[in-house]
Amino acid sequence: MSGFQSPRGLRDIREPDASAFAWAEEHAWSAALAAGYARIQLPVAEDSALFERAIGGTSDVVTKELYRLAVRSEESTPLALRPEVTAGVVRAYLQHGMRSEPQPVRLVTVAELFRHDRPQKGRYRQFTQFDIEAIGDAGSGIDIEVIELGTAYLRSVGLRDIEVHLNSVGCPTCRPGYLVVLAKHFAAVADRLSPVDQARLEENPLRLLDSKDEVAVAHAKGAPRFVEHLCADCAEHDRAVREGLSIAGVTVVDAPHLVRGLDYYTKTAWEYLLPGEQGQQGALGGGGRYDGLVELLGGPATPGVGFAIGIDRVVLALQERGLTPAPQRPPAVVVCGIEPGSVGMRIAIASELRASGVSARADVSTRKIGKQLESAVRDTAIAVIIVEPDGSLSLRDLAAGSQAEPGARAMVVSAAAQLARTQGGQ
RNA sequence: GUGGCCAUCGUUCAAUGGUUAGGACCGCGGUUUGUGGAGCCGCAGAUGAGGGUUCAAUUCCCUCUGGCCACCCCA
């Protein structure tokens, strides 16, 4: 052991997990690209102030989970590793004048994010999100499009039983009024609330709906529902989203207690959940509308919606259900030989096979042929080419156990490729 | 960030306040010398780190590191 370990919450992803990750990410890209979303790659770090402004300076994500980079000189701007992607996307939208493109601007990315949280299963300090953003359209239609896209993605990877929990968190017009009503409701039991919940009653009553504490949970059941205190505009938006989703075939679970952690959400808010799962692993992702964010970041008033789905959690869910895709299979053809001088030729032949679309590798050792065959067999290779001392090649069919007489290179290579193609498909 | 449980070869298990910490799987090699996943034989490989108690610590205590669970929060 070297004495070094990966830092807390940061991990190595190896096979077979690595294949499952790649597979989940590929599905994410293609689901969004097929729907007309444009790829965008963003930097992993941004001006710290961008996150502070977007997410809210008092939020947990900013106050305790943000990785702030050491400042290297007086004039450099303080940077932070991204804890989420929406802020960066909005920054890019403004920086590149995307408001002069057809609206809404639809963007996708798969991003590594960093949050200094206490790690647990399904919760890491570096994690990957599939993120979709549609900026510049205030209509309910785009909400429906985005929500449906997320469900379609999750279903496409095999998570057919996911639930969409939906709520509306209002807007600056109606939220203050609702908070008052809500606070009044909980004030009745204020003295029985846990200390944490009492603080929430003061600072962010919405969070009380989300509490795990017995008293709060019990009292939350009879709490006034936000959907009944929405302003006319928000109420109509909510109605249209629900109706549209139903017609689009997305079944929705009404979730009056759903509140999202980031301050910038308005109106539509939702989460993708796995029924039966408790706690952390249950929430695969979530999203919402953020009509005030662009303006908050210094742009013109511009609406937006988006979601983020945790790839790490998708992979975990896949594994728990045995839906993990088959890992990459080893090369179909192995090129063996024992003379040290034939190594170059073995590599050239393997390369030639690959160029013709057949996976192949050379055995670059000088071990006995028996050992080389054994390792090829264990790797589930289909065929072996043996470079004979005189430079001629023998082709051995591992399934059949037969070996042809040594022949000329071109012939043997094409026969091997042929064999790999016909048997590889089975 | 708070509280709790945990930590032995790459993996999975075992053992002990006292000689060389044991097995299985995996890997590598041998099986009479260039042809197959078996069998047999062999090799390599661990007490996470640092302190303390003790004649003696992998074992008991402390700190750190890392994992897991709950909370917090979120993906």
Side-chain angles (χ1 to χ4, degrees), chain A residues 1-12 14 24 55 58-66 82-86 110-131 150 154 194-197 199-200 204 207 210-213 258-262 265 271-274 277-287 307-317 334 336-339 342 363 365-381 383-390 394-403 406:
Chain A
M1 185 166 296
S2 71
F4 286 113
Q5 264 176 292
S6 59
R8 180 166 226 195
L10 309 184
R11 67 215 176 110
D12 304 309
R14 300 174 303 147
I55 303 166
T58 59
S59 67
D60 278 21
V61 171
V62 164
T63 56
K64 32 186 245 204
E65 297 174 6
L66 200 60
R82 37 143 78 150
E84 57 114 42
V85 342
T86 308
V110 173
E112 306 286 297
L113 306 183
F114 302 85
R115 253 123 90 163
H116 191 97
D117 234 3
R118 184 93 165 234
Q120 238 170 278
K121 193 199 280 185
R123 180 218 241 178
Y124 310 100
R125 289 182 173 179
Q126 177 184 339
F127 57 102
T128 305
Q129 280 188 349
F130 162 32
D131 191 277
L154 291 168
S194 69
V196 183
D197 284 337
R200 288 202 263 235
N204 189 0
R207 283 255 154 250
D210 213 18
S211 177
K212 310 283 191 305
D213 184 72
L258 186 149
V259 287
R260 308 235 56 227
L262 309 175
Y265 287 112
E271 283 180 359
Y272 298 109
L273 299 170
L274 280 174
E277 299 289 348
Q278 287 294 325
Q280 308 315 321
Q281 294 100 309
L284 292 174
F307 71 67
I309 289 176
I311 296 288
D312 306 72
R313 290 188 183 175
V314 167
V315 169
L316 217 47
V334 178
C336 303
I338 52 165
E339 280 71 33
S342 73
D363 189 317
S365 75
T366 52
R367 298 185 292 174
K368 317 201 317 194
I369 283 295
K371 290 294 182 186
Q372 296 190 26
L373 285 176
E374 194 178 312
S375 109
V377 165
R378 264 198 295 242
D379 272 1
T380 69
V384 163
I385 291 174
I386 299 165
V387 179
E388 302 294 349
D390 66 0
S394 300
L395 175 61
R396 186 168 183 83
D397 178 336
L398 291 178
S402 62
Q403 183 165 326

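Computation of the quantities below employed the complete heavy-atom set of this structure, encompassing side-chain atoms and omitting hydrogens, waters and symmetry-equivalent molecules. Chain A is the first sequence line, chain B the second, and so forth, proteins listed ahead of strands; every chain is numbered from 1. This is a predicted model, so every value here is computed, not measured.
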For A:Glu65, answer base if it contacts any base atom (sugar-phosphate contacts may also be present), sugar-phosphate if it contacts only those atoms, and nothing otherwise; contact means non-hydrogen atoms under 4.0 Å.
sugar-phosphate
OP1, OP2 of B:G29 versus side-chain N and O of A:Arg367: anything below 4.0 Å?
yes
Just to be sure I understand the rule, does A:Asp312 reach a base, reach only the sugar-phosphate, or reach nothing, if contact means heavy atoms closer than 4.0 Å?
nothing
Does B:C73 have OP1 or OP2 sitting under 4.0 Å from an N or O in the side chain of A:Lys212?
no
Ignoring hydrogens and geometry, is there a side-chain-to-backbone donor-acceptor pair from A:Arg82 to A:Glu112 under 3.5 Å?
yes
Taking B:C73 as the reference, what is the distance to B:U16 when you measure between their C1' atoms (whole Å, please)?
44 Å
Quick one: label A:Arg396 by what it contacts on the DNA or RNA (base, sugar-phosphate, nothing), any heavy atom closer than 4.0 Å.
base
Quick one: label A:Gln372 by what it contacts on the DNA or RNA (base, sugar-phosphate, nothing), any heavy atom closer than 4.0 Å.
nothing
From B:U35, B:C73, B:A75, pick the nucleotide closest to the side chain of A:Glu388?
B:U35
Can you list everything that forms a side-chain contact (heavy atoms from CB on, under 4.5 Å) with A:Val196? Sequence neighbours excluded, please.
A:Ser194, A:Arg200
Using Watson-Crick or G-U wobble pairs with both distances under 3.5 Å, give me RNA chain B in dot-bracket, 5' to 3', with [ ] for crossers and | for pairs to another strand.
(((((((..((((....[...)))).(((((.......)))))....(((((..]....))))))))))))....
Using the side-chain heavy atoms of A:Arg8, tell me which of these nucleotides is nearest: B:C69, B:G67, B:C74.
B:G67
How is A:Leu398 classified with respect to the nucleic acid when contacts are heavy atoms under 4.0 Å: base, sugar-phosphate, or nothing?
base
How would you label the contact of A:Asp397 with the nucleic acid (heavy atoms, under 4.0 Å): base, sugar-phosphate, or nothing?
base
With the criterion being N/O to N/O and under 3.5 Å, what pairs connect the protein with nucleotides 41-44 of chain B, and how long is each?
none

Base, sugar-phosphate alone, or nothing: which one does A:Leu113 contact when heavy atoms must sit under 4.0 Å apart?
nothing
Using a heavy-atom cut-off of 4.0 Å across all strands, would you classify A:Gly9 as base, sugar-phosphate, or nothing?
sugar-phosphate
Between B:G50 and B:U33, how far is it from one P atom to the other, in whole Å?
50 Å
Considering only the C1' atoms, how many Å lie between B:U32 and B:C26, rounded to the nearest integer?
28 Å
Pick base, sugar-phosphate or nothing for A:Arg125, based on heavy-atom distances below 4.0 Å to the nucleic acid.
nothing
